[in-house]
Participant: 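Take this structure, written in structure tokens, and hold onto it; I'll ask about it next.
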Amino acid sequence: MLSPTSVKDALNQTAPVEQMLVQGWVRTRRDSKDFSFIELNDGSSLRNLQIIARDSLPNYATVQRLITGASIIVRGALVASQGKGQNWELVADELTIVGASDESYPLQKKGHTPEFLREIAHLRPRSNLFGCVFRVRSRLAFAIHQFFQERGFYYIHTPIITGSDCEGAGELFRVTSIDATNPPRKPDGSIDYTRDFFGRSTYLTVSGQLEAEAFASALTKVYTFGPTFRAENSNTSRHANEFWMIEPEMAFTDLQGNMDLAEEMVKYLIRDAREKCREELGLFAKFVDKELLSRLDFVIDRPFQRITYTEAIELLKKSGEKFEFPVEYELNLQSEHERWLTEKHFKCPVTVFNYPKKIKPFYMRLNDDNKTVTAMDLLVPGIGEIVGGSQREERLEVLEESMRRYKMDPKDYKWYLDLRRYGTVPHSGFGLGFERMLMFVTGVSNIRDVIPFARTPGSAEF
RNA sequence: UCCAGCGUAGCUCAGUGGUAGAGCGGUCGGCUGUUAACCGAUUGGUCGUAGGUUCGAAUCCUACCGCUGGAGCCA
């Protein structure tokens with residue numbers, strides 16, 4: 001029995017092959033005088049394998065009715081192509097139609113808009129663009145593990161169902177098995193979640209950071225890579241309610257080491273995609289974003305800019321630029337401010353650090369000035385924030401004080417505070433939005449187009 | 001959630017108060033080692049949904065839904 005060859009491997013042959021088995025989906029078919037050309041794609045490559053189906057095939061009449069989208073298995077000889085445009089083609093000895101298609105198949109061989117393809121998310125991976133996007137997604141996910149494993153990090157699976165409801169990272173989705181039509185109630189009429197499945201309120205995680213801190217306090221260098229859920233009603237091209245996040249956490253590491261790692265990682269991932277996904281990046285550069293390759297190369301070649309929040313504010317104030325929103329100390333940087341820094345002023349990724357404590361979450365380490373915390377945001381041109389992180393507050397009393405300032409009860413975070421009680425250590429980490437990284441690497445401008453099946457407000461089909 | 005724009009054939013779009021259109025796709029035929037093939041014919045519609053104004057609405061008004069861009073929140 002002949003084992004199947006992928007289209008990619010078939011196209012990469014260096015010599016003719018007498019017998020070969022390929023399988024995949026028909027992209028298009030053209031008739032010639034006494035044979036048909038079939039373009040076969042199996043997702044292993046952007047390129048198609050040209051099949052020659054002669055009229056001597058016993059099922060030639062059926063083959064001639066093959067339409068885009070049908071699945072077939074072909075056995076035949078790989079020979080040098082007589083035509084231009086491809087080195088190899090497969091002359092079919094046997095062509096089996098596995099699954100027919102019909103004229104209602106929505107994908108045409110001509111270009112479709114990403115918006116239309118989004119409506120047929122189950123079929124869009126069969127398009128050139130989305131085939132490329134998801135091959136890059138796979139490669140990048142692998143590269144992330146490779147990056148950390150090469151550096152002695154351990155991969156931690158933090159829980160997806162969590163009891164922490166106050167991580168300062170947005171709205172949460174409640175997880176419950178309570179019957180919504182007849183919930184158990186407390187005497188005051190409110191729903192009694194102590195009688196819910198876990199004996200308490202639970203939610204889908206918005207971050208694995210707190211749990212990762214526990215593991216960094218044992219295995220020293222760890223990272224998480226998993227799905228994250230935010231119930232924010234965000235309607236933008238950069239937000240999804242379910243997305244994947246990478247969160248390294250390192251013991252005995254300060255903000256400096258944290259920024260170094262973030263920068264090194266972003267460069268590593270770009271360099272990897274540049275080397276391992278040439279075909280795909282070529283397609284993006286041609287059809288999605290003409291500047292893509294030069295921008296990626298620029299990012300790989302140069303050190304990122306690093307400035308404090310205070311310096312950023314001063315630069316923005318001196319810029320002479322008319323911003324819609326005010327530039328003031330202790331106000332968050334607006335999208336337009338971040339844009340100006342990365343796209344106009346520095347023209348490269350910028351890490352902004354040491355933010356006022358007022359505008360950052362409770363767990364970030366307080367600086368000696370008593371005004372700023374060791375936060376850092378890595379901003380990239382075109383997308384904005386791609387990494388957000390900090391050195392964590394490792395001093396018990398300072399952390400408790402911070403919690404109280406945020407109206408949190410330290411008693412509710414006993415286990416988290418225990419990490420400061422027993423063998424506390426300076427430690428740091430950050431979160432990298434996987435989809436945002438993919439957007440940067442591919443040039444695709446809508447987050448819905450780098451996730452297989454996007455979850456966004458009002459939209460969870462498929 | 002806020003602001004703006006859009007929603008017409010399977011797709012991309014034209015049509016701004018008076019008979020619903022084009023290109024592509026599909027189908028049929030022709031030609032052809034073709035490759036986003038070519039030539040001819042043909043098929044194709046609840047004009048997002050629901051109300052309203054009008055003799056008459058794709059077109060004007062209202063509400064809702066969805067999409068796009070921007071903003072907020074963030075990754």
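Only a predicted model underlies this, so the values are computations on that prediction, with no experimental measurement involved. Chain identifiers are assigned alphabetically (A, B, ...) following the order of the sequence lines, protein sequences preceding nucleic acid strands; residue numbering begins at 1 within each chain.
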Participant: Below 3.5 Å between N/O atoms, which protein atoms pair up with nucleotides 37-44 of chain B? Just atom names and distances, please.
Facilitator:
| residue | atom | partner | partner atom | Å |
| --- | --- | --- | --- | --- |
| B/A37 | OP1 | A/Lys109 | NZ | 3.1 |
| B/A37 | OP2 | A/Arg30 | NH1 | 3.4 |

Participant: Between B/A75, B/G70, B/C73, spot the one nearest the side chain of A/Ser237, thanks.
Facilitator: B/G70
Participant: Out of B/A71, B/U12, B/A75, which has the shortest distance to the side chain of A/Asn235?
Facilitator: B/A71
Participant: Base, sugar-phosphate, or nothing: which does A/Glu336 touch, judged by heavy atoms less than 4.0 Å apart?
Facilitator: nothing
Participant: Is the side chain of A/His345 donor-acceptor paired with the backbone N or O of A/Arg339 at a distance under 3.5 Å, no angle test?
Facilitator: no
Participant: Rounded to the Å, how far apart are A/Asp34 CG and B/G33 C1'?
Facilitator: 10 Å
Participant: Any strand counts, and the cut-off is 3.5 Å on both contacts for Watson-Crick or G-U wobble. Which nucleotide pairs with B/U46?
Facilitator: none
Participant: Can you tell me, in whole Å, how much space there is between the P of B/U62 and that of B/G21?
Facilitator: 29 Å
Participant: When you measure from the centre of the six-membered ring of A/Phe440, is the NZ or CZ of A/Arg436 under 6.0 Å away and within 45° of the axis?
Facilitator: no
Participant: Round to the nearest Å and state the distance from A/Tyr105 atom OH to B/C24 atom P.
Facilitator: 22 Å
Participant: With a 6.0 Å cut-off (strictly less than), is the heavy-atom count around CD of A/Glu291, excluding the residue itself, greater than 12?
Facilitator: no
Participant: Out of B/G33, B/G26, B/U1, which nucleotide sits closest to the side chain of A/Ile52?
Facilitator: B/G33
Participant: With C1' as the reference atom in both, quote the distance from B/A57 to B/A50 in angstrom, rounded to an integer.
Facilitator: 15 Å
Participant: Start with the C-alpha gap between A/Tyr416 and A/Glu211, add the side-chain angles, then the distance that decides, and say whether side-chain hydrogen bond (donor to acceptor under 3.5 Å, both in side chains) holds.
Facilitator: CA-CA 8 Å; A/Tyr416 187 66; A/Glu211 290 88 349; over 6 Å; no
Participant: Measuring from the side chain of A/Arg436 (C-beta onward, heavy atoms only), which nucleotide among B/C67, B/A75, B/U1 has the closest atom?
Facilitator: B/A75
Participant: Distance check needed: B/U34 P versus A/Ile51 CD1, whole Å only.
Facilitator: 18 Å
Participant: Where the side chain of A/Ile447 is concerned, which of B/C24, B/U34, B/A75 is the nearest nucleotide?
Facilitator: B/A75
Participant: Report the nucleotide, chosen from B/C73, B/G72, B/G26, that has the shortest atom-to-atom distance to any side-chain atom of A/Asn332.
Facilitator: B/C73
Participant: Could you state the CZ-C1' distance from A/Phe229 to B/C73, rounded to the nearest angstrom?
Facilitator: 19 Å
Participant: What nucleotide among B/C74, B/G72, B/U34 has an atom nearest to a side-chain atom of A/Gln334?
Facilitator: B/G72
Participant: More than 12 non-hydrogen atoms from neighbouring residues, nucleotides or ligands closer than 6.0 Å to NZ on A/Lys8, yes or no?
Facilitator: no
Participant: Give me the one residue out of A/Phe147, A/Phe148, A/Phe215 that meets ring-ring contact (aromatic ring centres under 6.0 Å, His included) with A/Phe153.
Facilitator: A/Phe148
Participant: Can you check whether A/Phe243 stacks with the B/A75 base, using ring centres under 5.5 Å and planes within 30°?
Facilitator: yes
Participant: Kindly indicate, with the supporting measurements, whether the criterion side-chain hydrogen bond (donor to acceptor under 3.5 Å, both in side chains) is fulfilled by A/Arg392 and A/Ser390.
Facilitator: CA-CA 6 Å; A/Arg392 321 307 189 185; A/Ser390 68; 2.7 Å; yes
Participant: Please pick, from B/G70, B/C73, B/C67, the nucleotide with the shortest atom-to-atom distance to any side-chain atom of A/Thr236.
Facilitator: B/C73
Participant: Could you check whether A/His112 gets within reach of a base, just the sugar-phosphate, or nothing at all, counting any heavy atom under 4.0 Å?
Facilitator: sugar-phosphate
Participant: Can you name the one residue among A/Arg30, A/Arg47, A/Arg29, A/Arg27 that meets salt bridge (charged side-chain N to carboxylate O under 4.0 Å, His left out) with A/Glu39?
Facilitator: A/Arg30
Participant: Evaluate the side-chain hydrogen bond (donor to acceptor under 3.5 Å, both in side chains) criterion for residues A/Thr308 and A/Asn354: first the C-alpha distance (whole Å), next the side-chain angles of each, then the deciding distance (0.1 Å), finally the verdict.
Facilitator: CA-CA 6 Å; A/Thr308 65; A/Asn354 285 350; over 6 Å; no
Participant: Could you say whether A/Phe116 or A/Gln82 is positioned toward the 5' end of RNA chain B, judged by the nucleotide with the nearest heavy atom to each?
Facilitator: A/Phe116
Participant: How many whole angstroms separate atom CZ of A/Arg238 from atom P of B/A75?
Facilitator: 15 Å
Participant: In whole Å, what separates the P atom of B/A36 from that of B/C2?
Facilitator: 47 Å
Participant: Both distances under 3.5 Å, Watson-Crick or G-U wobble: report the partner of B/C74, or none.
Facilitator: none
Participant: Under 4.0 Å between any heavy atoms, over every strand shown, what does A/Ile67 touch: base, sugar-phosphate, or nothing? Just pick one.
Facilitator: sugar-phosphate
Participant: Classify the nucleic acid contact of A/Gln86 as base, sugar-phosphate or nothing, counting any heavy atom under 4.0 Å across all strands shown.
Facilitator: base
Participant: Does any nucleotide pair with B/G69 by Watson-Crick or G-U wobble geometry, both distances under 3.5 Å, and what is it?
Facilitator: B/C3
Participant: Heavy atoms only, 4.0 Å cut-off, all strands: where does A/Glu115 land among base, sugar-phosphate and nothing?
Facilitator: sugar-phosphate
Participant: Using the P atom in both, what is the distance from B/U34 to B/A41, to the nearest Å?
Facilitator: 25 Å
Participant: Among the candidates B/G33, B/G70, B/G25, find the nucleotide nearest to the side-chain atoms of A/Phe37.
Facilitator: B/G33
Participant: Taking the P atom of each, how far is B/A14 from B/G72, in whole Å?
Facilitator: 31 Å
Participant: If you look at every heavy atom in A/Leu292 and A/Ala285, which pair is closest and at what distance?
Facilitator: CD2-N, 4.2 Å
Participant: Under a 3.5 Å cut-off for both contacts, is B/A58 paired Watson-Crick or G-U wobble with anything, and if yes, with which nucleotide?
Facilitator: none
Participant: Whole-Å distance between B/C11 C1' and A/Leu123 CG?
Facilitator: 14 Å
Participant: Any base atoms under 4.0 Å from A/Phe434, or only sugar-phosphate, or nothing? Heavy atoms, all strands.
Facilitator: nothing
Participant: Can you identify which nucleotide, out of B/U32, B/C11, B/A71, has its nearest atom closest to the A/Ser32 side chain?
Facilitator: B/U32
Participant: Students often get this wrong, so: under 4.0 angstrom with heavy atoms, is A/Gly83 touching a base, only sugar-phosphate, or nothing?
Facilitator: base
Participant: Taking only the P atom of each, what is the distance from B/C55 to B/G69 in whole angstrom?
Facilitator: 42 Å
Participant: Using a 4.0 Å heavy-atom cut-off, does A/Thr113 contact any base of the nucleic acid, only the sugar-phosphate backbone, or nothing at all?
Facilitator: sugar-phosphate
Participant: Do A/Arg151 and A/Tyr268 form a cation-pi contact, if we require the NZ or CZ to be under 6.0 Å from the six-membered ring centre and within 45 degrees of the ring's axis?
Facilitator: yes
Participant: State the pairing partner of B/A41; accept Watson-Crick or G-U wobble contacts with both distances under 3.5 Å, and report none otherwise.
Facilitator: B/U27
Participant: Mind checking A/Ser104 for me? I need base, sugar-phosphate or nothing, with any heavy atom below 4.0 Å counting as a touch.
Facilitator: nothing
Participant: Grab the CD-P distance between A/Glu242 and B/C74 for me, whole Å please.
Facilitator: 21 Å
Participant: At less than 3.5 Å, do the side-chain atoms of A/Gln108 and the base atoms of B/G10 form a donor-acceptor pair?
Facilitator: yes
Participant: Under 3.5 Å, is there an N or O donor on one side and an acceptor on the other linking the side chain of A/Ser234 and the base of B/C73?
Facilitator: yes
Participant: So A/Glu89, base contact, sugar-phosphate only, or nothing? Heavy-atom distance under 4.0 Å.
Facilitator: base
Participant: Select base, sugar-phosphate, or nothing to describe what A/Gln50 touches, counting heavy atoms under 4.0 Å on all strands.
Facilitator: base
Participant: Say whether A/His239 and A/Glu232, considering side chains only, have a donor N or O and an acceptor N or O under 3.5 Å apart.
Facilitator: no
Participant: I need the CZ-P distance between A/Arg448 and B/G66, as an integer number of Å.
Facilitator: 11 Å
